[in-house]
Amino acid sequence: MNQDNNQKGNKSYKKPYYVLDMFSYPSGEGLHMGHVKVYTASDIYARHKRMKGYEVLHPTGFDSFGLPAEQYAIKNKVNPTISTKKNSDNFLRQMKDLKLSYDYDNVTSTTDPEFYKWTQWIFKQLYKKGLAYQSHEPINWCPSCKTGLANEDLEGNLCERCGSVVEKRPLRQWVLKITEYADRLIDDLDTLPEWKDWIKDLQRNWIGRSEGSEIDFKLVSQRKDLSFVERDSIGLVGYGTSIETELKNSYENKFTIFTTRADTLFGCTYTVLAPEHNLVSELIKNNIIDNRDEVLKYIAETKNKTDIDRSSEGKEKRGVRLEGVLAVNPANQEEVPVYIADYVLPDYGTGAIMAVPAHDGRDREFAEKYNIAIKEVMQNVSDDKTDSSEEVLINSEEFDGLSSEDAKNKITEKVKGKVVKKYKLRDWVFARQRYWGEPFPIVFAVNEDGSTDYNKPYLVSDVELPVKLPLVESYEPTGTGESPLADIEEFINIYGYIDDNNEFLSCDKTDKRAKIFKRESNTMPQWAGSSWYWLRFLDPHNNTEMFSRERIEKYPEVDIYLGGVEHATRHLIYGRFWYKFLYDIGIVPNIEPFKRLETVGLVLGEGGVKMSKRLGNIINPDDIIREYGVDVTRMYVMFMSPFDGSSAWNAKSLSGMKRFLDRVQSLKNKIGNPCKNVNMMDQTIKKVGEDIELLKFNTAISQLMIALNEFEENGLSLDEYQKFLQLLAPFAPVTFEKLSKDYNMEESWPEYDINKIENNQVTIAVQIAGKMRGTFEIDRDKEDEEVVSKLKEQDIYNKYITSQNIEPKKIIVVRNKIVNVVI
RNA sequence: GCCUGGGUGGCGGAAUGGUAGACGCAAGAGACUUAAAAUCUCUCGAGGAUUACCUCGUGCGGGUUCGAGUCCCGCCCCAGGCACCA
């Protein structure tokens, strides 16, 4: 409350405040009820802040790159620019219908070249800092969308957008090194006290940091013929010599495992490599494995298995032993078998594990299946057997009795391992083989034979930004893993030269310096624009800078950011990553972009099911506004549940809100003497203001209803009437405008008198033996003794205590609230 | 399996450890009306007494406390996220 007092005193200075809601993808369907809920909430919040004297920045715009527009374009042969414009205009029309108080003069869109110029510029900076690189590793390929996808775009093993099973496909990609920011993305969550803990958990979980050790295991060959020779060397003359020679040259190698439980190293009874592990193919190539065919068969099976196949097998752990080799446990030099198994993932940790079946459930399951030894090395010393944190080492001589944590370090040190951190988060696959996205500011040199030399990329000079998307006739992806842009000769082939900054500048073909280059044909993913859009919102018409210094200093961070939870692990991680990067290169002043984050709950269809086209239960905001008016629509959506809760649409409840606003219209007739209940207005001002701050719009509205009930019954003064209208204004702007115009009212938030909030009389509840028995009235803040003596005058006390000849053991008085008689 | 969030009337939902069910919807009764709609008044957790009283009641079982929807322990169920992460 205290920080809100800035409207007093210096009138000319208004404290800046940035209220942002997640901008929308302008679909052909128009706004849905979910939009109405978030946007109305942020609008009420913004209006309230404005009334309290803040200089509120409340912008909107569109995230208009993306597949649906492109698919529409493919089908109808129209450039997505056109359909996108049409849809955005419809969205804006609806937003205005809803009386959302955005700054409509500064609406911008990610597809605006003046916008994506800066998206390209940021990419350039990432590239310059070594945070953008090309990769040919197998990536997730959606055969239906015909494009590569980031891990974040998958649901299980399915394309998040179309539900197709994705394949792994090696494809040239641009990748951003988000993993380099993984620690900061986790650690800096601690600097965000206004974020909900569960959202932070979601992000931590997604990034998935685990701290552990990397330990080398020696791999030695153990040819079957060795044991054969040893057994038979006495008898088989002439055969032994050659084998001995071969043994001397025998294969020796090593591999690195990752573990978070280095303390259990002594309990390792086998090791597992991912079937895809490089060492496995090397062993096969060098003919070290005795059961080569079996191993190859298993590897092939793994390749063909999708994640769905695997889980349908109940995640039973299967694997194949690599016959002929053994791994040496560096802690005790024990030789243990080596397996390959698909429960070890190639792209996490080092793709190899030490298995400790005694202390890991998965390893135990596997060991039991293949009859591998299980060796206990930890003992629980806690009284509470469920507390696994109090384990000490046993069976290791050297380290006996050490606690788990100490043992991790000591053992890692002993075996010359490394303490390392690993993440689930992968680098961000930042290229799509599609038309409707930001082109990369990249060209490639051309080989003598005319082919593109992808090893020689050059950044396009700033003066040539934006690299504009060309107009094309066909938007269909090639399907060969290239974007449709690859076929547009006029776009792809470009003459120019490399300037002093080692950047590409185009020039005329006839220019002496002119050489042919080829443009990058991939485009950026839809997440690119949304990773920084709120910064462009500061200054969308600035055609020389991303935003002016003055603007970023005024609004260095978003004060409150409202949107859907579904963005917690993608947009909000990408956005934080880019913002941190921009901080590192001195563009923005903070380490975190969003000071307070609030997530909206779902608006479900009647009966509590999701609204969907298939079920035909979609409620169209336009229809509701037409039938009931804007204010009823806004207030009903706010009243139906708390902001972060989800609840079902109920057409009948909607008419209750209409009743409320109708009654407000006729409240004017009750103006006269001040309300008998002198506290009502002040209580309401306090409650509504506080609830808006907490986004508890449902209880704010209920307080307005309580006030209305009171005023209808007991009348109200003109002053009370005007204050009531002001409180209503952020919720029901149309009603406010209509009713306030007779009074020449200022649109400011009324103040309350804290001394008037509380009644002089309070109701004390009487509890006898812990049960409620009645109440009595007494002056506020009376001493406990007075409360007790008043209590003893009560009939209820007589009935339960005096007349029963009971002597209370104790009487507990809670000031202004309750007395409890303990008997 | 792991991590979150949640479970309160017929429904949406209120309750800094202090009168459970605010506010609203639906339902019932009544008033107005030729009638209906709208509007207004009253009732509305369950059971029993039927005047103003008692008993039970916030997913289940324990516990802490003068007092628990709220805190602790153990379960069950629902929703979301992650998912063989070593």
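Computation of the quantities below employed the complete heavy-atom set of this structure, encompassing side-chain atoms and omitting hydrogens, waters and symmetry-equivalent molecules.
- The side-chain contact (heavy atoms from CB on, under 4.5 Å) search around A/Glu807 returns none, not counting sequence neighbours.
- Side-chain contact annotation: A/Ser655 with A/Tyr636, donor-acceptor N/O pair under 3.5 Å absent.
- Taking atom NE2 of residue A/His277 and atom C1' of nucleotide B/rA86, one finds them 13 Å apart after rounding to whole Å.
- When both pairing distances are held under 3.5 Å, B/rG18 makes a Watson-Crick or G-U pair with B/rC66.
- The side-chain contact (heavy atoms from CB on, under 4.5 Å) check on A/Val632 picks up A/Tyr628, A/Leu654, A/Met657, A/Lys658, A/Leu661, with sequence neighbours excluded.
- Rounded to the nearest Å, the gap between the P atom of B/rA38 and that of B/rA29 is 15 Å.
- When the P atom is used for both B/rG28 and B/rA14, the distance is 27 Å, rounded to whole Å.
- Across the protein-nucleic acid pair, A/Phe776 atom CZ and B/rU19 atom P stand 14 Å apart, rounded to whole Å.
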### Query
Between A/Asp779 and A/Lys790, is a salt bridge (Lys or Arg N to Asp or Glu O under 4.0 Å) present by the stated rule, with each step listed?
CA-CA 11 Å; A/Asp779 287 349; A/Lys790 180 103 187 217; over 6 Å; no
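- Within the 4.0 angstrom heavy-atom criterion, no nucleotide atom of any strand lies near A/Arg815.
- Side-chain contact of A/Thr599 with A/Asp644: a donor-acceptor pair under 3.5 Å is absent, judged by distance alone.
- Within residues 654-662 of chain A, the residues having any heavy atom closer than 4.0 Å to RNA chain B are, in order of number, A/Gly656, A/Arg659.
- At whole-Å resolution of the value, CD1 in A/Ile215 and P in B/rA86 are 15 Å apart.
- To the nearest whole angstrom, the two P atoms, one in B/rC42 and one in B/rU50, are 27 Å apart.
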Every protein N/O lying under 3.5 Å from an N/O of nucleotides 11-15 of chain B:
residue, atom, partner, partner atom, Å
B/rG12, O2', A/Met640, O, 2.3
B/rG13, OP1, A/Ser646, O, 3.0
B/rG13, O3', A/Asn698, ND2, 3.3
B/rA14, OP1, A/Asn698, ND2, 3.2
B/rA15, OP1, A/Lys696, NZ, 2.9

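- Side-chain atoms of A/Gln203 and A/Trp195 form no donor-acceptor pair, as typed in the model, at a separation below 3.5 Å.
- Projected onto RNA chain B by closest heavy-atom contact, A/Ile818 and A/Lys799 fall at different nucleotides, the more 5' of which corresponds to A/Ile818.
- A donor-acceptor contact closer than 3.5 angstrom is absent between the side chains of A/Asp342 and A/Thr302.
- For the pair A/Ile199 CD1 and B/rG80 P, the computed distance is 15 Å after rounding to whole Å.
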### Query
Please walk me through it: do A/Glu152 and A/Trp206 pass side chain to side chain donor-acceptor pair (under 3.5 Å)?
CA-CA 9 Å; A/Glu152 280 76 4; A/Trp206 184 268; 3.1 Å; yes
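- Taking only side-chain nitrogens and oxygens, A/Ser210 comes nearer than 4.0 Å to OP1 or OP2 of B/rA86.
- With both pairing distances under 3.5 Å, B/rC2 is matched to B/rG81 as a Watson-Crick or G-U wobble pair.
- Taking the C1' atoms as reference points, B/rG21 lies 9 Å from B/rU58, given to the whole Å.
- Note on A/Lys422: nothing from the nucleic acid sits closer than 4.0 angstrom, heavy atoms only.
- Ion pairing of A/Asp153 with A/Arg161 is absent here, as no side-chain N (NZ or NE/NH1/NH2) approaches a carboxylate O to less than 4.0 Å.
- Place A/Glu155 and A/Thr259 on RNA chain B by their nearest nucleotides, and A/Glu155 ends up nearer the 5' end.
- Taking atom CD1 on A/Ile340 and atom C1' on B/rC84, their separation rounds to 16 Å, with Å as the unit.
- Between the side chains of A/Asp363 and A/Tyr343, at least one donor N or O lies within less than 3.5 Å of an accepting N or O.
- Nucleotides B/rU4 and B/rA15 place their P atoms 24 Å apart, quoted to the nearest Å.
- Distance A/Asn709 CG to B/rU39 P: 14 Å, rounded to the nearest Å.
- In the set B/rU55, B/rA86, B/rU4, the nucleotide with an atom closest to the side chain of A/Asp201 is B/rU4.
- Atom-to-atom distance recorded for A/Phe643:CZ and A/Asn698:CG is 12.0 Å, nearest 0.5 angstrom.
- The interatomic distance linking A/Arg426 (CZ) with B/rC82 (P) rounds to 16 Å, in whole Å.
- For B/rG9, the base adopts the syn conformation, since its glycosidic angle falls within 90 degrees of zero.
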Give me, pair by pair, the N or O atoms of the protein and of nucleotides 62-66 of chain B that are less than 3.5 Å apart, along with how far apart they are.
residue, atom, partner, partner atom, Å
B/rC66, O2', A/Asn820, ND2, 3.1
B/rC66, O2, A/Asn820, ND2, 2.5

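- A/Gln703 and A/Thr684 are linked by a side-chain donor-acceptor pair at a separation below 3.5 angstrom, with hydrogens and angles left out of the test.
- The base-pairing partner of B/rU33, taking Watson-Crick or G-U wobble contacts with both distances under 3.5 Å, does not exist among the strands shown.
- Across B/rG67 and B/rA20, the matching P atoms stand 14 Å from one another, rounded to whole Å.
- For B/rU8 and B/rA22, the P atoms lie 16 Å apart once the distance is rounded to whole Å.
- Only the C1' atoms considered, B/rC75 is 14 Å distant from B/rG7, to the nearest whole Å.
- One can place CD1 of A/Ile768 at 12 Å from P of B/rC53, the figure rounded to the nearest angstrom.
- Near RNA chain B, meaning a heavy atom under 4.0 Å away, there are no residues from residues 780-787 of chain A.
- Under the 3.5 Å distance criterion, the side-chain polar atoms of A/His359 are matched with a main-chain donor or acceptor of A/Val377.
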### Message
Evaluate A/Thr256 against A/Glu214 for side chain to side chain donor-acceptor pair (under 3.5 Å), listing each step before the verdict.
### Response
CA-CA 6 Å; A/Thr256 306; A/Glu214 278 185 359; 5.7 Å; no
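- Base pairing of B/rG45: its partner is B/rC56, meeting the Watson-Crick or G-U wobble criterion (both donor-acceptor distances under 3.5 Å).
- Looking only at atom types and distance, the side chain of A/Ser803 has no donor-acceptor partner in the side chain of A/Asn798 under 3.5 Å away.
- Dashed line: the shortest gap from a side-chain N or O of A/Arg364 to OP1 or OP2 of B/rA86 is not under 4.0 Å.
- When distances run from any side-chain atom of A/Trp206 to the nucleotides B/rG24, B/rC82, B/rC53, the shortest one goes to B/rC82.
- A/Lys424 comes within 4.0 angstrom of a base, heavy atoms only.
- When the options A/Asn714, A/Leu708, A/Leu716 are evaluated for a side chain to side chain contact (heavy atoms under 4.5 Å, CB included) with A/Glu712, the one that passes is A/Leu708.
- We find that A/Glu598 and A/Lys196 are joined by a salt bridge, their nearest charged nitrogen and carboxylate oxygen being less than 4.0 Å apart.
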